[in-house]
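To keep things clear, I will list the structure first and then write my remarks on it.
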Amino acid sequence: MTKFLLCFFISSLTFSVSSRATNVETPSIEVTGQASILVEPDFFSSTIAIVERGQFTNKIRAVVNHKSNQVVQLTQRLGIKKHNINSAKVTLSIVRDKPSISVDSKTLSQNKSKSNYFELRRTISVNFTNIEDYDEYLNKVINLGVGHIYPLILSVENTEKHYQQALTRSFNNAFEKAKRIADNANVKLGKLLFVKEQSSNYYRSRVSSSMMSAERGSHKSQVGNQAINANVLVKYAIQE
């Protein structure tokens, strides 16, 4: 019985030592690779608002509808397809004037009479794939008396294609970093142990500066480049 227990203990000890040996971490170099692809925006979204105020909703609605039709018509004359035009968003609100305050030597009183108005707002969004079409559209739409022109949103339509390019470059950048570290440490870089994508086609549309006023005349918009970034975490073994 004692001999059996001793053999079992020795076997267990051998298994424990073997397990610890396999858990020893392989000497390695861990680095992060980064890369950016500069892309010129090829998709532009413009939003304007046609706003009218008045005491009678039917009258202001007629004015807003007339201006809206003019905007849509000039947009279609530029060759913009219907699915790139959204004019369905309409809001109606009540505008109340603040009561006036009269002051004399004895009393402070408020004039209770108020004038209520309705404000009708129609928002029209148009998508462009050519910045020159946007310039022409903006120059013409200003003359229609629109209430507000929102900043232009610039974006890249096929971001996945450019992201894959950035991802490949980020991996190459990581390898070059690891190789440089290994050379400086007088060791040899071994096989790839681990790789993790730390980005996921992270891209944010950029908003341009505010509206172009009529006083600036015919201006040719410059869109510049936008960066699509990628980064990876990699680990290489050190050859012993």
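These numbers come from the heavy atoms of this one structure, side chains and all, not from hydrogens, waters or symmetry mates.
In this structure, L193 CG and T26 OG1 are separated by 6.0 Å, a value rounded to the nearest 0.5 Å. Here CD of E136 is found 9.0 Å from CG of L74. Values are rounded to the nearest 0.5 Å. To the nearest 0.5 Å, atoms OG1 (T159) and NE2 (H162) are separated by 8.0 Å. Interatomic distance, R121 CZ to R53 CZ, rounded to the nearest 0.5 Å: 9.0 Å. Note that CD of E52 and CG of N65 are 11.0 Å apart. Values are rounded to the nearest 0.5 Å. Once rounded to the nearest 0.5 Å, the distance linking CG of L167 with CD1 of I228 reads 12.0 Å.
Donor-acceptor pairing under 3.5 Å is recorded for the side chains of Y163 and S199.
A donor-acceptor distance shorter than 3.5 angstrom exists from the side chain of N86 to the backbone of A88, with no hydrogens or angles considered. A donor-acceptor distance shorter than 3.5 angstrom exists from the side chain of R122 to the backbone of S87, with no hydrogens or angles considered. In this structure, the side chain of N139 engages the main chain of D135 through a donor-acceptor pair within 3.5 Å. One N or O on the side chain of D42 and one on the backbone of E157 form a donor-acceptor pair closer than 3.5 Å. Checking side-chain atoms of K191 against main-chain N and O of A237 turns up no donor-acceptor pair under 3.5 Å.
In this structure, the side chains of K67 and V146 stay at 4.5 Å or more apart for every pair of heavy atoms. The shortest distance between side-chain heavy atoms of T168 and Q165 does not fall below 4.5 Å. When side chains are defined from C-beta on, N173 counts as touching K177, because their heavy atoms get closer than 4.5 Å.
When all heavy atoms are compared, the tightest approach of R169 to A35 is CB-CB, 3.5 Å. Here the closest non-hydrogen pair linking I131 and F44 is N-CE1, 3.5 Å. Heavy-atom minimum distance, Q226 versus S155: NE2-N, 4.1 Å. Contact record, S45 with N127: OG-OD1, 3.2 Å, taken as the closest heavy-atom pair. Between A174 and V234, the shortest heavy-atom distance links the atoms CB-CG2, 3.4 Å. Here the closest non-hydrogen pair linking V64 and S68 is O-OG, 2.7 Å.
With hydrophobic clusters built from ILVMFWY side chains whose heavy atoms lie under 4.5 angstrom apart, V51 does not share a cluster with V141. V72 and V63 fall into different hydrophobic clusters, where Ile, Leu, Val, Met, Phe, Trp and Tyr residues are linked whenever their side-chain heavy atoms come under 4.5 Å apart, directly or through other members. Put simply, V31 and F194 are part of two different groups of oily side chains (I, L, V, M, F, W, Y) that touch within less than 4.5 Å, one to the next. The hydrophobic cluster containing I85 also contains I48, counting ILVMFWY residues as joined when their side-chain heavy atoms lie under 4.5 angstrom apart, directly or transitively. If you chain together hydrophobic residues whose side chains sit under 4.5 Å apart, L154 and I149 fall into the same group.
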Checklist entry - Going through the distances and angles, do R180 and D183 end up as a side-chain contact (heavy atoms from CB on, under 4.5 Å)? => result CA-CA 5 Å; R180 192 177 302 114; D183 291 343; 5.6 Å; no

Item to check | side-chain contact (heavy atoms from CB on, under 4.5 Å) between K82 and Q76, worked out | outcome: CA-CA 7 Å; K82 288 184 178 180; Q76 292 178 335; 3.7 Å; yes

Item to check | F171/L192 under side-chain contact (heavy atoms from CB on, under 4.5 Å): CA gap, chis, key distance, verdict | outcome: CA-CA 12 Å; F171 183 82; L192 179 66; 4.2 Å; yes

Checklist entry - How far apart are the C-alpha atoms of T57 and L120, what are their side-chain angles, what is the distance that settles it, and do they pass the side-chain contact (heavy atoms from CB on, under 4.5 Å) test? => result CA-CA 8 Å; T57 57; L120 185 65; over 6 Å; no

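In this pair, F128 and Y137 present their aromatic rings tilted. The plane angle is within the 30 to 60° band.
Applying the 6.0 Å contact sphere to NZ of K179 captures no more than 12 heavy atoms from other residues, nucleotides or ligands.
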